[in-house]
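Worksheet: the structure to be examined is printed underneath.
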Amino acid sequence: MEIFSTIKETRDCLINLKKEGKTIGFVPTMGALHRGHISLLEQAKKENDISVSSIFVNPTQFNDKKDLEKYPRTIEDDILKLKAAHCDVLFAPGVEEMYPSTLVKEPEIDLGNLGKVMEGKLRPGHFQGVCTVVKKLFDIVLPNKAYFGEKDFQQLAVIKYMVRILNIPVEIIPCPTFREADGLAMSSRNVFLNPDERKNVPLIYKTMMEAKLLNTNKTISELKKWVEEKVNENPFLKLEYFEIVNSETLQLITDTHLPITGCRACIAVKVGTIRLIDNIAL
Ligand code: AMP
């Protein structure tokens with residue numbers, strides 16, 4: 001695996017490969033890699049000649065400075081995992097390389113409703129930061145296809161929208177959420193859960209799956225209330241939101257005939273100081 005920390009080396013290497021007619025599959029990450037990340041890489045390897053991953057803890061997408069400071073950084077271990085998965089190229093820049101000037105304000109993209117609901121509402125500026133870094137990474141890596149997890153469903157919708165409105169010639173490939181055996185969605189933040197919290201968090205996925213079954217005989221507000229009670233009766237969990245949304249526009253669905261199909265149920269739960277998000281298809 002080639003490892004680069006500068007934009008120039010990465011671009012030179014990848015431009016040469018593209019000139020040879022090779023296709024590039026790209027998996028952007030913030031590191032602290034787990035099997036969910038590796039499943040994206042495996043799909044990229046299957047569908048492209050060259051697999052590229054990036055590791056960059058992007059400061060502009062953190063609305064909470066403490067969250068940025070304590071975000072897990074395990075680069076040595078990540079490199080071993082990427083090598084074991086036969087990743088061809090890793091781009092792992094420092095902050096200065098990606099944001100050389102703090103004076104230049106990055107242009108904002110009007111995300112409309114996509115940026116206003118759920119994570120957009122609770123984490124102001126988060127998706128602008130995501131768009132900024134993903135656009136920069138696409139300009140450096142020049143991928144044919146880029147792989148994003150459904151685990152971060154709103155992020156996936158935002159990236160698909162950005163690519164469409166800016167005419168970025170990259171195909172966005174959604175990848176299914178990789179889960180632990182007990183249903184917990186894998187996340188870099190799971191390492192912060194203490195043993196008691198870890199024992200209780202599978203309730204998040206379990207509650208959503210049960211809500212899916214109740215989808216036929218309740219109104220949406222009854223369903224939301226049921227989820228809220230179910231999550232909050234566990235002393236380790238505090239519901240931030242449970243929403244049913246249109247899978248493309250993320251419009252909140254508040255009033256319709258049940259059962260609801262073709263939509264997404266999205267949840268955010270606080271576990272101590274940690275926030276976990278998850279979602280399922282309805
Ligand atoms: P992150 O490092 O958390 O920014 O995630 C990098 C990419 O991996 C994003 O596209 C995430 O949606 C995806 N990802 C994170 N966790 C999972 C998971 N459990 N299953 C599938 N994809 C995931």
Side-chain angles (χ1 to χ4, degrees), residues 25-47 51-64 67-68 70-75 77-79 81-82 85 87 90-93 98 114 118-119 123 126-138 141 143 145-163 170-193 198 201-202 204-205 208 247 250 264 266-269 274-281:
F26 179 41
V27 180
T29 82
M30 297 207 297
L33 301 182
H34 50 66
R35 278 183 292 144
H37 296 115
I38 301 301
S39 71
L40 269 54
L41 186 75
E42 284 165 356
Q43 195 164 336
K45 282 192 72 69
K46 252 187 238 153
E47 297 177 0
S51 58
V52 180
S53 181
S54 64
I55 294 180
F56 179 61
V57 182
N58 173 36
T60 65
Q61 73 186 70
F62 284 80
N63 52 314
D64 175 353
D67 188 26
L68 170 64
K70 70 169 197 210
Y71 197 83
R73 290 163 171 88
T74 57
I75 187 77
D77 202 38
D78 292 347
I79 288 173
K81 286 179 183 163
L82 290 172
C87 177
L90 167 62
F91 175 50
M98 291 299 281
L114 293 178
M118 302 190 291
E119 295 302 290
R123 303 182 67 187
H126 169 65
F127 288 119
Q128 288 300 334
V130 170
C131 285
T132 300
V133 79
V134 170
K135 170 83 173 65
K136 278 172 177 278
L137 289 168
F138 282 180
V141 174
K145 295 182 180 178
Y147 296 78
F148 289 85
E150 288 180 342
K151 155 79 171 51
D152 300 287
F153 196 77
Q154 191 167 5
Q155 170 173 280
L156 173 64
V158 164
I159 300 293
K160 281 199 273 190
Y161 179 76
M162 176 182 80
V163 162
V170 178
E171 190 182 343
I172 303 302
I173 312 288
C175 302
T177 302
F178 212 86
R179 298 181 181 279
E180 303 285 357
D182 58 14
L184 174 66
M186 289 191 185
S187 162
S188 303
R189 289 189 166 89
N190 291 351
V191 295
F192 295 128
L193 298 168
R198 177 63 190 83
V201 288
I204 300 169
Y205 178 62
M208 274 199 301
S247 300
L250 304 191
R264 210 81 191 176
C266 301
I267 197 165
V269 175
I274 304 151
R275 284 184 85 243
L276 298 180
I277 57 169
D278 200 351
N279 65 85
I280 57 165

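Everything numeric in this text was worked out from a predicted model, so none of it was measured. One-based numbering, in listed order, for ligands and for the atoms of each. The basis for the numbers below is simple: all heavy atoms, side chains too, and nothing from hydrogens, waters or symmetry mates.
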When you measure from the side chain of Gln154 to the backbone N and O of Leu114, does any donor-acceptor pair fall under 3.5 Å?
-> yes
Taking any residue with a non-hydrogen atom under 4.0 angstrom from an atom of ligand 1, which ones do you get?
-> Pro28, Thr29, Met30, His34, Gly36, His37, Leu40, Tyr71, Phe148, Gly149, Lys151, Asp152, Gln155, Pro176, Thr177, Phe178, Met186
Can you find a pair of side-chain heavy atoms, one from Val52 and one from Pro143, that are under 4.5 Å apart?
-> no
Side chain Asp278, main chain Leu184, donor-acceptor under 3.5 Å = no
Is there side-chain contact between Met98 and Val133, with heavy atoms separated by less than 4.5 Å?
-> yes
Verify, without hydrogens or angle tests, whether Asn63 (side chain) and His126 (backbone) share a donor-acceptor contact under 3.5 angstrom.
-> no
Check: Cys87 main-chain N/O paired with Ser51 side-chain donor or acceptor under 3.5 Å | no
